[in-house]
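Right, one structure below, let's go through it.
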Number of protein chains: 2
Amino acid sequence: MSSAATVVELRVLDAAKSCCERWGIAKVTIDDIASESGVSRATLYRLFPGGKDVLFEALRVRELEDFFTRLTAQVEGAADLEDLLVRTVVAATQELRADQHLALMLASEPGDTLGQLTVDGLPRIIRFATVFIVPLVDPYLPRRESARLVELLARLVISYFLAPSDHVDLGNPESARPFITTFILPAFQAALS
Amino acid sequence: MSSAATVVELRVLDAAKSCCERWGIAKVTIDDIASESGVSRATLYRLFPGGKDVLFEALRVRELEDFFTRLTAQVEGAADLEDLLVRTVVAATQELRADQHLALMLASEPGDTLGQLTVDGLPRIIRFATVFIVPLVDPYLPRRESARLVELLARLVISYFLAPSDHVDLGNPESARPFITTFILPAFQAALS
DNA sequence: AGACAGTAAGACAAAATCCGTCTCAGTGTC
DNA sequence: GACACTGAGACGGATTTTGTCTTACTGTCT
């Protein structure tokens with residue numbers, strides 16, 4: 001999951017990201033990324049054998065790692081399970097809303113981007129969420145229940161982010177807390193350790 | 001100079017403009033513009049025989065016409081020559097600074113865009129400025145002097161827009177007025193009618 | 001009804017671009 | 001000197017884009 005990423009690799013990924021923001025993934029060429037990162041095309045293929053697909057895969061992975069790294073940093077030191085869950089969904093929702101890169105992608109290439117948040121990408125997002133968040137939940141629940149809970153929350157955060165509701169605002173603690181206590185916690189009450 | 005532009009033509013030019021903002025002129029294809037404007041490629045070639053070059057030429061012309069139309073509307077009713085000149089350079093500078101399309105182009109494709117403001121495009125800009133602004137100056141100066149004056153101002157506005165000065169801000173009347181009265185008007189004093 | 005102008009859809013070949021791989025030369029390190 | 005890493009760029013093949021052309025549809029005018 002993690003990265004012994006060299007400095008060159010990071011430069012390339014940064015270049016890919018900014019190219020992507022400028023032109024959208026469909027319009028970016030390997031040469032664009034190469035010249036933007038000041039790296040030759042040969043090097044780029046050596047680093048990411050498979051070309052654009054592999055490169056953007058790696059970029060998505062890095063973005064996810066960064067996302068969850070920031071997220072876990074924001075929610076550490078929660079007092080109890082309820083507090084942890086509320087802070088997690090709130091922070092995640094706010095991160096999503098503040099993500100400039102994501103906003104641009106959603107605006108310029110809704111199809112691909114939505115795929116990365118739903119059908120194609122959701123399983124991976126859930127994997128990442130599991131890896132990063134389950135350890136935080138583990139003190140309160142058996143491992144199996146933790147995984148179920150984290151998956152559920154990940155799905156809900158994304159759904160409410162993509163299509164906001166009139167009834168709940170998961171970016172707002174005052175709204176998220178009753179949502180968590182009413183709909184989520186009771187289902188796991190029996191398993192509370 | 002002017003346009004018996006049909007509604008289809010306008011739709012196409014609007015589409016070209018928004019495509020251009022999204023991807024930059026280098027990445028836009030004829031098909032992009034065709035589908036964005038909901039017009040078939042055949043029609044597009046009928047309207048602009050010559051393809052992308054001719055189309056973007058037409059777009060630049062239209063942008064210039066719009067620019068100077070808005071500009072002349074803003075400066076009508078000036079009391080005297082000094083007032084006219086000050087209001088013109090101020091309005092032009094502010095228009096330039098507020099032009100979202102221009103800002104995007106300058107950011108994403110500095111080379112081409114700068115060319116359109118300097119070496120390649122400046123002569124045309126001056127022609128447009130002449131056509132639109134000289135009539136306003138004519139009451140005060142002989143025709144030949146008007147043209148010289150307008151050209152000079154056009155060059156100055158663009159230069160100060162592209163590379164702002166610490167000494168003058170042509171977007172600010174309080175700064176533009178002494179500039180005009182000190183450096184511009186005296187040179188044309190002799191020719192004042 | 002029939003002529004006609006304007007258009008969408010799409011086939012087609014030619015041109016341009018992009019891709020992925022490869023070689024070669026240069027550079028810095030051990 | 002051996003070695004790993006890189007930039008530059010050549011190369012053929014795949015893909016995209018271009019510009020032209022044909023066909024069929026639609027509405028308007030006579």
Side-chain angles (χ1 to χ4, degrees), chain A residues 2-62 105 108-113 115 120, chain B residues 2-62 105 108-113 115 120:
Chain A
S2 101
S3 35
T6 84
V7 56
V8 188
E9 237 162 309
L10 293 180
R11 260 225 321 282
V12 171
L13 289 180
D14 286 339
K17 186 175 171 185
S18 82
C19 283
C20 198
E21 285 169 3
R22 202 167 337 149
W23 295 315
I25 208 171
K27 295 273 187 181
V28 178
T29 70
I30 291 286
D31 289 272
D32 291 332
I33 300 173
S35 58
E36 171 83 11
S37 60
V39 142
S40 80
R41 212 147 44 89
T43 303
L44 206 149
Y45 276 104
R46 246 173 263 128
L47 259 46
F48 303 94
K52 232 167 79 167
D53 291 347
V54 174
L55 202 162
F56 278 105
E57 260 312 287
L59 179 58
R60 281 190 276 265
V61 167
R62 194 190 67 163
M105 294 297 98
S108 67
E109 289 170 287
D112 295 331
T113 313
D120 302 323
Chain B
S2 102
S3 34
T6 82
V7 56
V8 187
E9 236 162 311
L10 293 180
R11 259 225 323 282
V12 171
L13 288 180
D14 286 339
K17 185 175 172 185
S18 83
C19 283
C20 198
E21 285 169 3
R22 200 168 337 149
W23 296 315
I25 207 171
K27 294 276 186 183
V28 177
T29 70
I30 292 286
D31 288 274
D32 290 332
I33 301 173
S35 59
E36 171 83 11
S37 59
V39 142
S40 81
R41 214 147 45 87
T43 304
L44 207 149
Y45 276 104
R46 219 175 298 116
L47 258 44
F48 304 95
K52 230 167 80 167
D53 291 347
V54 174
L55 202 164
F56 278 105
E57 260 312 286
L59 178 58
R60 281 189 277 265
V61 167
R62 194 191 66 164
M105 294 296 98
S108 67
E109 290 170 289
D112 295 330
T113 313
D120 301 326

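All figures in this text were calculated on a predicted structure; none of them were measured in a lab. In what follows, every chain begins at residue 1, and chains take the letters A, B, ... in the order their sequences are listed.
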Salt-bridge contact R60(B)-D120(B) (side-chain N to carboxylate O under 4.0 Å): no
From CA spacing to verdict: side-chain contact (heavy atoms from CB on, under 4.5 Å), T29(A), K27(B): CA-CA 10 Å; T29(A) 70; K27(B) 294 276 186 183; 3.9 Å; yes
Proximal nucleotide (of dC11(D), dT6(D), dG10(C)) relative to the T43(A) side chain: dT6(D)
Out of dT6(D), dA8(C), dT18(D), whichever nucleotide has its closest atom nearest the side chain of R41(B): dT18(D)
Contact nearer the 5' end of DNA chain D, comparing V39(A) with K27(A): V39(A)
Rounded to whole Å, how long is the line connecting atom [atom1] of [X] with atom [atom2] of [N]?
X      : N       : atom1 : atom2 : answer
F56(B) : dT18(D) : CZ    : P     : 10 Å
I33(A) : dG7(D)  : CD1   : P     : 15 Å
Y45(B) : dC12(C) : OH    : P     : 18 Å
W23(B) : dT17(D) : CH2   : C1'   : 14 Å
L44(B) : dT20(D) : CG    : C1'   : 14 Å
I30(A) : dT15(D) : CD1   : P     : 15 Å
D31(B) : dA8(C)  : CG    : P     : 13 Å
R11(A) : dC5(D)  : CZ    : C1'   : 13 Å

Toward the 5' end of DNA chain C, by each residue's nearest nucleotide, D32(A) or A42(A): D32(A)
5' priority, DNA chain C, between R46(A) and V28(A) [closest heavy atom]: V28(A)
Side chains of D14(A) and R62(A) in contact at under 4.5 Å (non-hydrogen atoms): yes
Close side-chain approach of L13(B) to F48(B), heavy-atom, < 4.5 Å: yes
